[in-house]
**Student:** 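Would you mind keeping the following structure in view while I ask a few things?
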Amino acid sequence: MSQESAYIHAYIGLFLLSPVLAFGVKHVSRRTFKRLLVVLLIVSAGLDAGSHFFLLNGYTAYWLVVMYLVGAYIQLYPDAIRWKPVAFLGIYFLMACLSTYLQWNAGWFHTDKWWFIRYTSPFVIVEAIAIFIWGVRLRIKNRLLRAILKFFAPISFGVYLIDESNFYDVILPRMFTSMIREQPTYFALRILGISLLMYLVFALLDFVRLLIFKLLHINQGLALIDRSGKWLIDKL
């Protein structure tokens, strides 16, 4: 099974488990919830450090469940976050620079250079949580900017899924191979331009997908399944 299809299956697994998870986080104590999260994060990152083990670099329903629980804890207990948003942004950039530096010098540690940027790498975990908290706590007053973010937020995940398809492994390398010998400044600007264009095109594709889902009432059907699962869990 490819990583791309594995991630889709993992996301479906998370969707099916979400009613149970939603019920659980509402009935577990705050102290137990925090302890559970700490254990899950430490064990997951530690066991996946040397090999794929059972996490497949984050392409499993188990890992998405862990991320779901992290987001649920932050939503349920916002008072646990006392630092200002800029602090979490600083943590994100610090860890991103550190993981990049260590990846370039992976030979020092006799390890796979890609370990430092896996989804289950401790560096990436801290980066993800930090940037998530920064986004949650960020307050945007500009109406235009809020409207733009509101439009792109629900379709950005679709951009990621498209990029993770065969496009990433087959088409993308061919696009940039011919640019390697260009001047660094022009090369960097061209990459940024192509990346922005790719994002907009993929976002448009996912926006069309949203319109089709709305036309076929697929979202209502998924919401019904979710409500039915929660109702069934409550009755058990």
Side-chain angles (χ1 to χ4, degrees), residues 6-49 53-96 98-99 115-140 146 149-150 152-154 156-157 160-161 222-223 225-236:
Y7 193 85
I8 297 297
H9 294 162
Y11 198 73
I12 294 174
L14 175 63
F15 173 76
L16 296 176
L17 290 172
S18 60
V20 180
L21 296 172
F23 178 85
V25 298
K26 292 180 181 179
H27 291 81
V28 69
S29 68
R30 178 172 180 171
R31 187 178 183 182
T32 301
F33 195 177
K34 181 171 66 174
R35 287 180 173 179
L36 176 64
L37 273 184
V38 171
V39 171
L40 286 175
L41 290 172
I42 292 178
V43 171
S44 299
L47 290 179
D48 204 46
F53 203 67
F54 62 91
L55 294 180
L56 296 177
N57 296 334
Y59 289 86
T60 60
Y62 169 85
W63 185 244
L64 293 186
V65 166
V66 175
M67 293 293 96
Y68 176 97
L69 293 176
V70 171
Y73 185 87
I74 294 173
Q75 181 184 33
L76 288 174
Y77 308 110
D79 59 301
I81 305 169
R82 301 178 181 179
W83 294 353
K84 295 182 179 180
V86 66
F88 291 99
L89 188 61
I91 292 174
Y92 166 77
F93 281 112
L94 176 63
M95 296 303 292
L98 180 60
S99 62
W115 176 81
F116 296 101
I117 58 173
R118 288 178 185 172
Y119 291 149
T120 51
S121 167
F123 300 97
V124 177
I125 293 173
V126 174
E127 291 171 33
I129 295 176
I131 199 66
F132 177 75
I133 295 175
W134 173 77
V136 169
R137 300 201 62 184
L138 188 63
R139 295 294 178 263
I140 300 175
R146 289 173 60 181
L149 292 176
K150 187 176 181 180
F152 282 103
S156 292
F157 183 66
Y160 165 77
L161 291 180
L222 295 175
I225 295 175
D226 184 59
R227 290 195 301 269
S228 300
K230 292 178 180 178
W231 177 84
L232 179 60
I233 295 298
D234 289 336
K235 294 300 181 181
L236 292 178

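No experiment lies behind these values; they were computed from the predicted model shown.
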**Student:** How close do Ile91 and Ala130 get, heavy atom to heavy atom, and via which atoms?
**Tutor:**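 The pair with the smallest heavy-atom distance is CG2-CB, 4.0 Å.
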**Student:** Can you tell me if Tyr11 has over 12 outside heavy atoms packed within less than 6.0 Å of its OH?
**Tutor:**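 Not more than 12 within 6.0 Å, no.
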**Student:** For Phe132 and Val70, run side chain to side chain contact (heavy atoms under 4.5 Å, CB included): C-alpha distance rounded to whole Å, both residues' side-chain angles, the deciding distance at 0.1 Å, then the answer.
**Tutor:** CA-CA 10 Å; Phe132 177 75; Val70 171; 5.7 Å; no
**Student:** Could you state the interatomic distance from CG (Leu41) to CE (Met67), rounded to the nearest 0.5 Å?
**Tutor:**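 If we round to the nearest 0.5 Å, Leu41:CG and Met67:CE are 5.5 Å apart.
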**Student:** Measure the CE-CD1 distance between Met95 and Ile125 for me, rounded to the nearest 0.5 Å.
**Tutor:**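 Those atoms lie 9.5 Å apart.
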**Student:** Could you measure the distance from the CG atom of Leu76 to the CG atom of Leu69? Nearest 0.5 Å is fine.
**Tutor:**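 Reported value, rounded in 0.5 Å steps: 10.5 Å.
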**Student:** Heavy-atom distance under 4.5 Å between the side chains of Phe88 and Ile129, does that happen here?
**Tutor:**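 No. Closest side-chain heavy atoms not under 4.5 Å.
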**Student:** For a quick test of reading the model, state the closest non-hydrogen atom pair linking Ser18 to Tyr68 and the distance between them.
**Tutor:**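 So the minimum-distance heavy-atom pair works out to O-OH, 3.8 Å.
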**Student:** Determine whether Ile140 and Leu149 satisfy the following criterion, side chain to side chain contact (heavy atoms under 4.5 Å, CB included), listing intermediate values before the conclusion.
**Tutor:** CA-CA 10 Å; Ile140 300 175; Leu149 292 176; 3.0 Å; yes
**Student:** Side-chain contact test, heavy atoms from C-beta onward, threshold under 4.5 Å: evaluate it for Arg137 versus Val86 and give yes or no.
**Tutor:**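 No, too far: nothing below the 4.5 Å cut-off.
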**Student:** Which distance, rounded to the nearest 0.5 Å, do you find between the CZ of Phe15 and the CG of Leu21?
**Tutor:**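 CG of Leu21 is found 12.5 Å from CZ of Phe15.
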**Student:** Check whether more than 12 heavy atoms from other residues, nucleotides or ligands sit under 6.0 Å from atom CZ of Arg30, and answer yes or no.
**Tutor:**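 Yes, because the 6.0 Å sphere around CZ of Arg30 holds more than 12 heavy atoms from other groups.
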**Student:** Rounded to the nearest 0.5 Å, what separates atom CG in Leu17 from atom OH in Tyr62?
**Tutor:**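 Here the rounded value is 13.0 Å.
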**Student:** Do other residues, nucleotides or ligands put more than 12 heavy atoms under 6.0 Å from the CZ atom of Phe93?
**Tutor:**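 No, the 6.0 Å shell around CZ holds no more than 12 heavy atoms from other groups.
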**Student:** Nearest 0.5 Å please: distance from the NZ atom of Lys34 over to the CG atom of Leu37.
**Tutor:**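 Between Lys34 NZ and Leu37 CG, I get 10.5 Å after rounding to 0.5 Å.
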**Student:** Looking only at heavy atoms, what is the nearest atom pair of Ala72 and Val25, with distance?
**Tutor:**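 Heavy-atom minimum between the residues: CB-CG1, 4.2 Å.
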**Student:** Does Tyr77 form a side chain to side chain contact (heavy atoms under 4.5 Å, CB included) with Asp79? I'd like the steps, not just the answer.
**Tutor:** CA-CA 5 Å; Tyr77 308 110; Asp79 59 301; 3.9 Å; yes
**Student:** Is the number of heavy atoms from other residues, nucleotides or ligands within 6.0 Å of CZ (Phe123) greater than 12?
**Tutor:**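 Enclosed.
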**Student:** Do Tyr73 and Leu36 come within less than 4.5 Å of each other through their side chains, counting heavy atoms only?
**Tutor:**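 In short, these two side chains do not touch, never coming nearer than 4.5 Å.
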**Student:** Can you tell if the side chain of Trp83 reaches within under 4.5 Å of the side chain of Ile133, non-hydrogen atoms only?
**Tutor:**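 No, their side chains stay 4.5 Å or more apart.
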